[in-house]
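Proteins come first, then strands; the chains are lettered A, B, ... in the order of their sequence lines, and each starts at number 1.
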Protein chains: 2
Amino acid sequence: MSHSTLHDIANRVGVTPVTVSRVLSGTYKAKRAGALKRAEQIRQVAVELGYRVNVHARAMRHGRLGNIALVMSKDPARSLLHECELTALHDALLDEQMNLVIARLDDKTLESESDLPRVLTEYAVDGMLINYKKNIPPMLEQLIERHRIPAVWIARKRKHDATYYAYRNSIKKAVTDQIKAGHRRIAMVFKLNPNHVSTDHYSETDPRAGYEKAMLDAGLKPQCLQVRWNVDELSQLTALLTRKNRPTLLLTRDQHTLLPVLTAAYHVGVKVPDDLQIMLIGHGTRLIPATDLKHLRYDYDQLAEAAVKLLVEKIKAPQQLLKSRPIPLCW
Amino acid sequence: MSHSTLHDIANRVGVTPVTVSRVLSGTYKAKRAGALKRAEQIRQVAVELGYRVNVHARAMRHGRLGNIALVMSKDPARSLLHECELTALHDALLDEQMNLVIARLDDKTLESESDLPRVLTEYAVDGMLINYKKNIPPMLEQLIERHRIPAVWIARKRKHDATYYAYRNSIKKAVTDQIKAGHRRIAMVFKLNPNHVSTDHYSETDPRAGYEKAMLDAGLKPQCLQVRWNVDELSQLTALLTRKNRPTLLLTRDQHTLLPVLTAAYHVGVKVPDDLQIMLIGHGTRLIPATDLKHLRYDYDQLAEAAVKLLVEKIKAPQQLLKSRPIPLCW
DNA sequence: CTGAAAGCGCTTACAG
DNA sequence: CTGAAAGCGCTTACAG
């Protein structure tokens, strides 16, 4: 038994599919007694038959598909996506009556024209949110151009058609505020993963730049500590925290540096947040209670909303270049 | 300028859309010189016009949609999804030429018939993977039934149409192996979140049951420690680790108990893994290096593959009840 | 090898 | 208030 259609309902009730369509979509409201009764009957038969409108037929009629692809790489170095980011995008799209389709691309398939991912060769989505940080395959940009696919970038700092986090300004401002609040010895800790090839992506360079600018502007000396992950981070941090002039505020860009920082602090008897305040920048953590941390966090919802808003505009006017939207971090 | 169609290409080249369709889809291969040349021309014009096949038109013709919805709740207590689970599902679906559509439901919309989520009232997906652990809205099950939507559950222990992790057997076996390897004092630590209402979901009860069974079968006494999260977990754990008969192996169900465990161990000078081994059950962590832990982990890929395989069968024969597939945890 | 015809399921303007 | 007609873009038998 296959899927039931307007036709099936119409046959049972003894009307045409047109009437059924109108009743079910609410295009008009029946007012006469006879029509009312018939409308009720139509709705009932629809339920009995388990009718659901076929979105493909509807989409074809309307020319609007109602689907947006979230395009990313299978390579986590190129595209990362936290659950909360996905969630925020999903919700922002829902507000625009759009569905979210996941498209994780194997970058190898972007090397030749022969085996391209379907999302790029088929007309199945109205637009794309593209979550490539770096090493963007040239073919990807080329296909978007060629097919004039409305696209918005969500992890690149570009002039146009993008949203990104305003690390530099947000961190500069946050650090300046802390200086005003009395902190003088403020350090920043970075993780240096042996396997991790450092890049010049703005999400790595801008936070540091913002911190250093704030310190220098206040006549203070920036202190950046690169802890070598899984090597001797504890001794490095212990050294930092037992120094005579130990910092009173520690900025950490990465939630994974928190464990060594907290362990070291606990070990040497430095109390968080009484003796040492910690400012976590970026993704949250349930590792330690929020009250113990200053958390300068991503505003996922605002980024998602901005991205979707841009994309909707872009879909309306695909040719137009839209000014990018930097999103401040927030407390 | 709207989207180009087969018709546009046909007009330019001077053939019918039928021929264009056949050339682009490769339904036949041109052999004659003239046909070859024309085919080449068609392909070229298609590229020039940025043609992409309209999947809605194709889907309507074929009756197959090629989309699967991942249905979950917006309430994280009912549905949780780690990025790696999403990834695994996406990949498993790709192997079947299916796209993944995200559908996070607001459970409030499932309380009345009037404002149902679109994924349930429209015919837009061939089937659903349903990620509800508990408090499953009756309306959800009812609609699946009524519309005969092929559905597979991925977080429920049911006889039919489900995949789930075989905690009980896997943990029992793992603990038994550790006992054979010489461990006698094996404890299990649970997190007790003040806000967290404990449930009888199998993912909470089965791990403990498996552990206790293994211990009792070996004539050993199970020790379950419920640490009160953010209250006094450190003193509880410190007490456990300074006991004369302190455990040599600690099972932890939750990566978030790792931080207090490690901090406590570090503080009292118990070395991991030399003095104390830790077995993490479930999701991984990048908190500490994998070499220091025994990690009995989820096999996301196998679960995803099993779920997709079940769903594909279900789509072929929607009426049939399919035997559920328990998935062992793995090292 | 190519085309004319039919149809997938729906909706909308037009006519009654 | 309801229906007959047309069409969205594609593909597949059927005929040449």
Side-chain angles (χ1 to χ4, degrees), chain A residues 2-43 46 49-67 118 121-126 147, chain B residues 2-43 46 49-67 118 121-126 147:
Chain A
S2 95
H3 210 263
S4 60
T5 68
L6 288 186
H7 195 79
D8 301 329
I9 302 175
N11 276 353
R12 279 251 204 144
V13 179
V15 292
T16 58
V18 181
T19 303
V20 179
S21 168
R22 285 200 267 242
V23 167
L24 295 182
S25 69
T27 306
Y28 69 68
K29 314 271 174 213
K31 277 164 202 160
R32 288 192 210 149
L36 261 173
K37 197 178 138 199
R38 187 167 289 175
E40 193 41 54
Q41 193 190 355
I42 287 171
R43 272 188 282 267
L49 296 183
Y51 173 78
R52 289 177 293 159
V53 61
N54 184 320
V55 290
H56 292 278
R58 178 186 277 174
M60 229 162 69
R61 196 80 228 300
H62 288 325
R64 185 183 180 268
L65 307 169
N67 285 332
R118 282 168 53 203
T121 58
E122 298 181 344
Y123 179 44
V125 295
D126 294 307
H147 294 145
Chain B
S2 95
H3 211 264
S4 60
T5 66
L6 287 185
H7 196 77
D8 301 328
I9 301 174
N11 277 352
R12 279 251 203 142
V13 179
V15 292
T16 57
V18 181
T19 302
V20 178
S21 166
R22 285 199 269 242
V23 167
L24 295 182
S25 69
T27 306
Y28 69 68
K29 314 272 174 215
K31 277 163 202 161
R32 287 194 210 147
L36 262 173
K37 197 178 139 198
R38 185 165 291 173
E40 193 41 54
Q41 192 190 354
I42 287 171
R43 273 187 282 265
L49 296 184
Y51 173 77
R52 288 177 294 160
V53 61
N54 184 320
V55 292
H56 293 277
R58 178 186 277 173
M60 228 163 68
R61 196 80 229 300
H62 286 326
R64 185 184 180 267
L65 308 169
N67 285 331
R118 282 168 54 202
T121 58
E122 298 181 344
Y123 179 45
V125 296
D126 294 308
H147 295 146

Counting N and O atoms only, with roles assigned by atom type, does the side chain of B/Arg52 sit under 3.5 Å from a partner on the main chain of A/Glu122, one being a donor and the other an acceptor?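 At least one qualifying donor-acceptor pair exists.
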Any side-chain to backbone donor/acceptor pair from B/Ser25 onto B/Ser21? Under 3.5 Å, distance only.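 Here the side-chain-to-backbone pair exists.
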Once you round it to whole Å, what is the distance between [atom2] of [N] and [atom1] of [X]?
| X | N | atom1 | atom2 | answer |
| --- | --- | --- | --- | --- |
| A/His7 | D/dA5 | NE2 | C1' | 16 Å |
| B/Leu36 | C/dT2 | CG | P | 10 Å |
| A/Arg52 | C/dC10 | CZ | C1' | 16 Å |
| A/Lys37 | D/dC1 | NZ | P | 16 Å |
| A/Glu122 | D/dG9 | CD | P | 16 Å |
| A/Asn54 | C/dT11 | CG | P | 9 Å |
| A/His3 | C/dC10 | NE2 | C1' | 14 Å |
| A/Met60 | D/dA6 | CE | C1' | 13 Å |

Can you tell me how far the CG atom of A/Leu65 sits from the NE2 atom of B/His56, to the nearest 0.5 Å?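 Reported value, rounded in 0.5 Å steps: 4.0 Å.
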Could you give the distance from OG1 (B/Thr5) to CG (B/Asn54), rounded to the nearest 0.5 Å?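 If I round to the nearest 0.5 Å, the distance is 9.5 Å.
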Among [options], the nucleotide that comes nearest once only the side chain of [X] is considered:
| X | options | result |
| --- | --- | --- |
| B/His62 | C/dT2, D/dT11, D/dT2 | D/dT11 |
| A/Ala57 | C/dG9, D/dT12, C/dT12 | C/dG9 |
| A/Val53 | D/dA4, D/dA13, C/dT11 | C/dT11 |
| A/Thr5 | D/dG3, C/dA4, C/dC10 | C/dC10 |
| B/Leu6 | C/dT2, D/dC10, C/dC10 | D/dC10 |

Using a cut-off of 6.0 Å, state whether more than 12 heavy atoms not belonging to A/Arg43 lie near its atom CZ.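 Count over threshold, so yes.
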Donor/acceptor link under 3.5 angstrom from B/Arg61 side chain onto base of C/dG9: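 For B/Arg61, whose side chain was compared with the base of C/dG9, there is no donor-acceptor pair (under 3.5 Å).
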Quick check on [N]: is either OP1 or OP2 less than 4.0 Å from any side-chain nitrogen or oxygen of [X]?
| X | N | value |
| --- | --- | --- |
| A/Thr19 | D/dT2 | no |
| B/Tyr123 | C/dC8 | no |
| A/Ser21 | C/dT11 | yes |
| B/Arg38 | C/dT2 | yes |

Give none if C/dG3 has no partner; otherwise give the nucleotide forming a Watson-Crick or G-U wobble pair with it, both distances under 3.5 Å.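 By the stated definition (distances under 3.5 Å), D/dC14 pairs with C/dG3.
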